[in-house]
**Student:** 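First the structure, then my questions, so here it is.
Remember, it's 1-based here, ligands and their atoms both numbered in the order they're listed.
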Amino acid sequence: MIYLDHAATAPVPRAVADAMYEVLTGRFGNPSSQYPLGLEMKKQVESWRGTVADALGCDAKRLYFTSCGTEGDNWAIQAACWQNRHLGKHIVTTAVEHSAVLESCKWMERQGCEVTYLRPDQQGHITAAQVLEAVRPDTALVSVMMVNNELGNVYPVEDIAKDLAAKNPKTLFHTDAVQGFLEVPFAADRLGADFVTVSAHKIGGPKGAGALYIGPRVRNPRPLLAGGGQESGLRAGTEATAQIAGFAKAVELRQRGLAETLAHLRDLRAYAAEQLSAISDLTLIGDGEAPHILAASLTGWPSQNIVNDLGSQGICVSAGSACHQGKPSHVVAALGLPRRTAGGVIRLSFGPENTREDVDVCAAALRRHHDQRMPML
Ligand code: PLP
């Protein structure tokens, strides 16, 4: 199998699975228990928090473990709107966010909020100026992702944070960094964002683990789950110790030789862009600043057919986000591309174990698809 869909999820290295197995079996204690098995686990959880916080570039006390990136996005949006409920009910976001943000915003609309959805240009760009222009005195929250999961565009979150602080210092800023964490360099405590969401399974950790950074401007953050006081009383529920152990191990592995890994991903992406561009009717989509994501359209050939054809040959690529299977992607729709181009968009996303040979096999299969199948769009 050739797996080129790391933006959907990444394989778990053996060392991560081993770390989780050990916690599930021998060291299974509840961190709240008061005998050594529990007390040890409490210490462990704090040490794993330190590992993830170091990689995120923040103090461990600002990092809260969650069950996934979706949870972090939901929590951040609700907490920001709660803190600023007396400031106003306006939210600024983009039309190309992950559904975890878009659906949370839609839910806030049902609670009486007004949401501005900024549209990108045809290459998927969103500018800081565009965001700033939409901010009003009653804007409670701005939520702009760090890296677009379908296009690979990197959004100017640092500039947005800086300009936002000048325009409306009370507006809180959330960035969904699920596709940026350990893919593009940033430090949460210098980014200027009040909330930063990350997820474990995009970087070789288990599915069902994530974290949310909550910055110092968020006073008495609104708890997500009330209960037994875990996660400083903000996200109660017995800690998912094995998931957290796996998350921390994946972070540790990824950080080892990170510069080389990112250089390798950039090389693969550039190589794939070159190989795919040589196929007739193929256009690259997005600006491809993120090292691991490449979007392209085989104009006229439906993307789902491409995914099925390549899938039957053991090559995994996606037609937009894995969370939207079968439905047209809202991200591609927001680009306003011609219908035949939009209908043929696929995404390749790379991980450390991929090679140039993987790209060759994929490019050859795409060329065959183009040459042997009729365009249907
Ligand atoms: N945000 C982005 C940008 C993503 O790509 C994803 C997953 O694809 C998520 C949020 C959701 O993360 P999770 O699958 O951990 O809920």
**Student:** As an exercise, identify every atom of ligand 1 less than 4.0 angstrom from a heavy atom of Met145.
**Tutor:** 3 (C)

**Student:** So is Lys207 close enough to ligand 1, meaning a heavy atom under 4.0 angstrom away?
**Tutor:** no

**Student:** Is it the side chain, the backbone, both or neither of Cys68 that has a heavy atom closer than 4.0 Å to ligand 1?
**Tutor:** both

**Student:** Report the part of Glu71 (side chain from C-beta onward, or backbone N, CA, C, O) that has a heavy atom under 4.0 Å from ligand 1; answer both or neither where that applies.
**Tutor:** neither

**Student:** Indicate yes or no: does Asp138 engage Lys89 in a salt bridge with an N to O separation below 4.0 Å.
**Tutor:** no

**Student:** Is there a polar contact, in the sense of an N or O pair closer than 3.5 Å, between Ala100 and ligand 1?
**Tutor:** no

**Student:** Near Ser199, which atoms of ligand 1 are under 4.0 Å from a heavy atom of that residue?
**Tutor:** 13 (P), 15 (O)

**Student:** Please state which part of Thr70 comes within less than 4.0 Å of ligand 1, counting heavy atoms only: side chain, backbone, both or neither.
**Tutor:** both

**Student:** Select one of side chain, backbone, both or neither to describe which atoms of His201 lie under 4.0 Å from any atom of ligand 1, heavy atoms only.
**Tutor:** side chain

**Student:** Does CD belonging to Glu133 count more than 12 external heavy atoms closer than 6.0 Å?
**Tutor:** no

**Student:** Quick one, Lys202 and Thr9 - any side-chain contact, counting heavy atoms below 4.5 Å?
**Tutor:** no

**Student:** Taking the basic N atoms (NZ, or NE/NH1/NH2) and the acidic carboxylate oxygens, is any pair closer than 4.0 Å for Glu71 and Arg235?
**Tutor:** yes

**Student:** Any idea which part of Val101 is under 4.0 Å from ligand 1, heavy-atom wise: side chain, backbone, both or neither?
**Tutor:** neither

**Student:** Is the Trp75-Phe195 ring centre distance short of 6.0 angstrom?
**Tutor:** no

**Student:** Pick, from Asn74, Val96, Thr9, Asp176, the option with the minimum heavy-atom distance to atom 2 (C) of ligand 1.
**Tutor:** Asp176

**Student:** Look at atom CG of Asn220 and say whether more than 12 heavy atoms of other residues, nucleotides or ligands are closer to it than 6.0 Å.
**Tutor:** no

**Student:** Please enumerate all residues that pass side chain to side chain contact (heavy atoms under 4.5 Å, CB included) together with Glu158, with sequence neighbours excluded.
**Tutor:** Leu191

